[in-house]
Each structure stands twice: as structure tokens, then as C-alpha cells.
Amino acid sequence: MRFAILASGSKGNAALVEHGDQLLLIDCGLRFKTLRERMAELGAAPADLTAVLITHEHRDHVVGLAAMARHTGLRPHMTRGTAHQLNFLADDFIPLAADGEFELGGLRVRPYTIPHDAREPVHYQLAAGDAVLSFATDIGRSNDYLLEVLGRSSALVLESNYDPLMLAGNPSYPASLKNRIQGGRGHLSNDEAAALLAAINRPALLTVVAAHLSDNNNRPELPLRLLQESAGRSGHMPAISVCPQGVPLPWTELP
Ligand SMILES: [Zn+2]
Ligand SMILES: [Zn+2]
């Protein structure tokens with residue numbers, strides 16, 4: 001199994017997962033033209049996609065979804081709640097049950113519930129053999145269920161949205177938006193991501209990618225340092241990197 005990130009953050013989210021003859025797109029928060037360009041940089045094309053998994057209805061995750069579905073003929077997988085918010089008709093999507101598991105060509109897919117201010121949001125864990133890849137963004141707070149799900153990961157794409165001081169001091173964010181971001185159904189701060197990593201860090205965890213960074217309230221070196229410190233304290237150091245917004249994160253192969 002290998003994965004790549006096409007975009008991550010409030011300007012758009014999309015990732016690729018490849019295993020055997022499967023090529024999955026997770027979220028489609030890029031306009032179709034940009035999606036095609038960024039896929040091409042990674043040696044792929046929308047026509048190669050075999051399935052599309054959607055997490056929730058927020059614009060930064062679905063802005064290119066309708067065009068992508070039209071061009072590829074694929075019916076995206078999503079919860080009924082997400083489909084309802086997006087006005088997708090029953091024939092136009094494949095409904096999935098949060099916390100159920102299904103298989104796509106040898107890849108076990110587990111959508112799991114995330115605490116986020118959308119109708120019925122999920123994120124995805126994908127497993128094949130010992131490789132267990134978890135995406136965990138758009139999470140207001142950690143909880144025991146998340147720790148249990150994410151604790152199985154060998155690779156983890158983990159939200160590190162904001163630095164609390166930068167957010168608090170940002171004059172262009174109204175209080176209501178600050179409260180939403182910091183709330184239990186908003187986004188994880190760098191500190192919260194580091195605490196989550198400390199709680200699940202095990203020798204099986206090989207790779208951590210900090211993702212969904214705020215352009216305005218974060219700097220890549222902040223989550224990098226906090227996640228490294230967190231891993232260092234627990235005595236096991238996975239490879240830690242940060243996903244930039246504007247360029248694709250190239251393929252990472254999972255053993
Ligand atoms: Zn969201
Ligand atoms: Zn988001």
C-alpha cells in the first residue's frame with residue numbers, strides 16, 4: 001500500500017491511496033483541473049481512480065466532487081448524512097455505515113466517526129496485511145474511541161490545525177470562528193495532536209504526517225517540533241513530516 005496527499009488544509013483536501021489494482025481518492029476538495037494536475041505530478045490520472053471516499057460535506061473536502069463524479073462516472077462512498085447535505089440522490093452515491101468495515105480489492109476500509117461540526121462525518125482507516133493507514137483530520141477533540149481506532153495505525157495522517165497563541169492573537173478571526181475552531185467539534189491544535197500521538201505511539205507506528213495545517217494560525221515547524229518532542233518522550237520515534245498546502249506530498253510506501 002502507498003499513499004500521497006494532493007492537498008491538505010482549509011484551501012482543499014484530497015489524498016490518494018493505492019493498493020494492488022485499487023486507486024482510491026479520499027475527499028475531493030480540489031477543482032477538477034487542479035485535481036488532474038496534481039494527480040499528474042504523481043503519475044496518476046482521474047481515469048485511473050477505482051473508488052472515491054468522502055469524509056464530510058465541508059467545502060474544503062468536496063468542492064470538486066460533482067465534476068469529478070461526472071468525469072469519471074464513479075459513485076462516491078459517503079454516509080447518508082453527508083449525501084443529504086450535498087443533495088446527492090440515492091442512485092448517485094454508495095452509502096456507508098460509520099464504524100462498519102468493507103473491502104475494496106483486498107483493501108479493508110473502515111470509516112470511523114469523527115467529532116466534527118458536520119452532519120455525519122467520518123474519516124477512514126485502510127488496512128492490508130500489516131499496513132494500517134489512518135487519516136485523522138477535522139477532529140474537534142480526541143476521545144477513547146479515536147485512540148482505540150488510531151492506535152492500530154502503522155501510518156497516521158494527523159490533523160495539526162493551529163497554534164493556540166497564533167489563533168488567539170489573530171485579529172482577522174472573529175470570536176465565533178475562534179470558538180468554532182477550538183471547540184470539541186472543530187479542529188485539533190498542535191498541542192492536542194502531540195498529546196494524541198503520545199497516547200497511541202507504539203513501535204508499529206512508522207510514519208506520521210501532520211496535516212490540515214491552518215495557513216493563518218500555524219507554521220510547519222511548530223507541529224513538527226511538538227510531534228517530535230511527543231514521540232521522543234515516549235521512546236519510539238516514527239518518521240514525522242508535515243504536509244504543505246500548495247504542493248502534493250509524494251508517495252509514501254507502507255511496508
Ligand atoms: Zn470540516
Ligand atoms: Zn477540513
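Counting from 1, the numbers follow the sequence of the chain as shown. When a ligand or atom number is given, it counts from 1 through the structure's own listing order. The analysis underlying the following values was restricted to heavy atoms, covering all of them including side chains, and did not include hydrogens, waters or symmetry mates.
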Minimum-distance atom from the Zn ion (ligand 2) among N, O or S atoms of Asp60:
OD2
Would you say the side-chain atoms of Arg119 and His56 include a donor-acceptor pair closer than 3.5 Å?
no
Can a donor-acceptor pair be found between the side chains of Asn217 and Asn170 at a distance below 3.5 Å?
yes
Have a look at His58 and say which of its N, O or S atoms is nearest the Zn ion (ligand 1).
ND1
2.8 Å cut-off met by an N, O or S atom of His212 to the Zn ion (ligand 2):
yes
Using a strict threshold of under 4.0 Å (side-chain N to carboxylate O), is an ion pair present between Arg2 and Glu18?
yes
In Asp138, the N, O or S atom nearest to the Zn ion (ligand 1) is which?
OD2
Check against ring-ring contact (aromatic ring centres under 6.0 Å, His included), His123 and His116:
CA-CA 10 Å; His123 229 313; His116 191 54; 9.5 Å; no
Check whether any N, O or S atom of His61, backbone or side chain, sits closer than 2.8 Å to the Zn ion (ligand 2).
yes
Between Asp138 and His212: side-chain donor-acceptor atoms closer than 3.5 Å:
yes
Row for the Zn ion (ligand 1): angle NE2 (His116) to NE2 (His56), 10° precision, value 100°
